[in-house]
Amino acid sequence: MPTPDACRAPGHRHRAPCLAVIDPATEETFGETPDQQPDELDDAIDRARRAWTGWRADPAARTTGLNAAAEAVEAAGDDLAPLLTREQGKPLAESYAEVARTAARLRYFADLAPRTRRIDDGRPVHSEIRWRPLGPVAAIVPWNFPLQLASAKFAPALAAGNTVVLKPSPYTPLATRLLGDVLATALPEDVLTVITGREPLGAHLVSHPGIRHVTFTGSVPTGRAVAAAAAASLARVTLELGGNDAAVLLDDVDVDRIADRLFWAAFRNCGQVCMAVKRVYAPARLHAEVVEALAHRAKSVVVGPGLDSDTRLGPVNNAPQLARVERVTQRALAAGARAATGGHRLNGPGYFFAPTILTDVPPDDPVVTEEQFGPVLPVLPYRNLDEAVEAANGTGFGLGGSVWGTDLDRAAATADRLECGTAWINHHAELSLVQPFAGVKDSGVGVAGGPWGLYGNLRPFVVHRPQEEER
């Protein structure tokens, strides 16, 4: 938990400028973290560069260190999870799951190593493709899954032999700083450094000439700015820029059977998931039934502080995002949409918004075409499947999508028509540690997850030598 000296930066006699952290369930400040400045960033990157020399040279030490780090994270779960819930808002059970996922990812990448490949091209030359790390990596993480998304960046980077400078969102820095302290007990000094602060700290980080790879998760406009800034030093970029995932329901779907899964695919973490279902396309004859089933669940779900044991949906994480959710919902209602349930902010303290199901939504309304990133779900009718697929593909996003129906072959054929990086059938937003994760169109650049995530942090190094020395 935060301490009175939370803003005392290492090596400084006086307290550094502070960044207040607000509990989204109460709107009260409950902690603080250093608002670090560019000179501290320069020092962190320089130390990461020096630590890289030893870290990249010892694969066995990396495996041992990452496995020890996984054990340390698991042991610290009772400290990490409540702190994560306080600053992010999600139910405590989901925070514990995020901690467990962080440890699992460390353990997975600890045992993953690049493979040397022999090239056989018919010449009398022995050729091999080997792999080398890139150098210090900048990892910038949003506020919806602070620990899980951080580990998705630093675990493969560290396993590949890079060092990492990690910057969490100013809205959720505390659990990440604590995670950094936990990892420091298992990893060599300066292999992973957590920095916290307001902008322009992130802009300085991604444009710093000492950074060789920038991995960022966030909005499309910010992602474009990150790519432009990283271009100055020709650093590699991996960008996951959000989504507006569509769920297409076929005309043979069993609404009662899939309603729970569909609801939680949209509303988990209060809808603040990049690959959540953010719009539903239902056959016209089933549209009213789908709206009723989803609205029933939205009305009955328990909304409250994440630390309350009965809570299933917490608050929106921060005031600007709550304002955006409220604005996009009110605009849709003014344009003719109807709220089957919800549609408003809840009374009382905290950034709470009623779980909302919208119907009669104009198909070009921003609540459909943009990423609302909150507990709001439009349900739109369609007349034929081609129309639904065209609408599903009709935005600039392309992260994920899903198809729901009884005939699995037909559902699979429909999923194959979706323009996205991942498509699910009869479920949504479920990922394995071993699979690639990437978007198309405006949803991102590069690949995370599985071996692809490891190789994204490496560069090929080719060695040629004669098979027999000439005499």
Fill in the blank from the handout: Which of V237, I211, V226, T215 passes side-chain contact (heavy atoms from CB on, under 4.5 Å) with V206? Answer is V226

Problem - Side chains of S402 and W404, donor plus acceptor under 3.5 Å - result: yes

Problem - D245 with R279: basic N within carboxylate O range, under 4.0 Å - result: no

Exercise for the section: Taking the six-membered ring for Trp and the full ring for Phe, Tyr or His, determine whether the centres of W143 and F373 are under 6.0 Å apart. Expected result: yes

Handout entry: Aromatic ring proximity, centroids under 6.0 angstrom, F461 and W131
Key = no

Problem - Q36 (side chain) donor-acceptor with E40 (main chain) under 3.5 angstrom - result: no

Handout entry: Matching residue for Y171 among P142, P320, P24 - test: side-chain contact (heavy atoms from CB on, under 4.5 Å)
Key = P320

Exercise for the section: Verify the distance criterion only: is there a donor paired with an acceptor across the side chains of H213 and N162 at less than 3.5 Å? Expected result: no

Exercise for the section: Indicate yes or no: does E128 engage R117 in a salt bridge with an N to O separation below 4.0 Å. Expected result: no

Problem - Side-chain ion pair, E98 and K90, N-O less than 4.0 Å - result: yes

Fill in the blank from the handout: Hits for salt bridge (charged side-chain N to carboxylate O under 4.0 Å, His left out) against D409, two or more places apart or cross-chain, chain-then-number order -> none

Practice task
Compute whether any side-chain donor of one residue and acceptor of the other, for T395 and T369, lie under 3.5 angstrom apart.
Solution key: no

Problem - Charged N-O contact under 4.0 Å between R50 and D46 - result: yes

Problem - Under-4.0 Å salt bridge between E87 and R177 - result: no

Problem - Given V165, T163, D190, the one that forms side-chain contact (heavy atoms from CB on, under 4.5 Å) with R47 - result: D190

Exercise for the section: Would you confirm whether T172, through its side chain, and Q88, through its main-chain N or O, come within 3.5 Å as a donor-acceptor pair? Expected result: no

Problem - Cation-aromatic face contact R49/W52, 6.0 Å, 45 degrees - result: no

Problem - Test side-chain hydrogen bond (donor to acceptor under 3.5 Å, both in side chains) applied to R410 - qualifying residues, sequence neighbours left out - result: D251

Handout entry: Residues R324 and E371 bridged, charged N to O under 4.0 Å
Key = no

Exercise for the section: State whether the number of non-hydrogen atoms from other residues, nucleotides or ligands found under 6.0 Å of E430 atom CD is greater than 12. Expected result: yes

Exercise for the section: Any chance you could measure T217, atom OG1, to L241, atom CG, to the nearest 0.5 Å? Expected result: 8.0 Å

Practice task
Indicate yes or no for a side-chain donor-acceptor contact from D308 to the backbone of D310 under 3.5 Å, with no hydrogens or angles considered.
Solution key: no

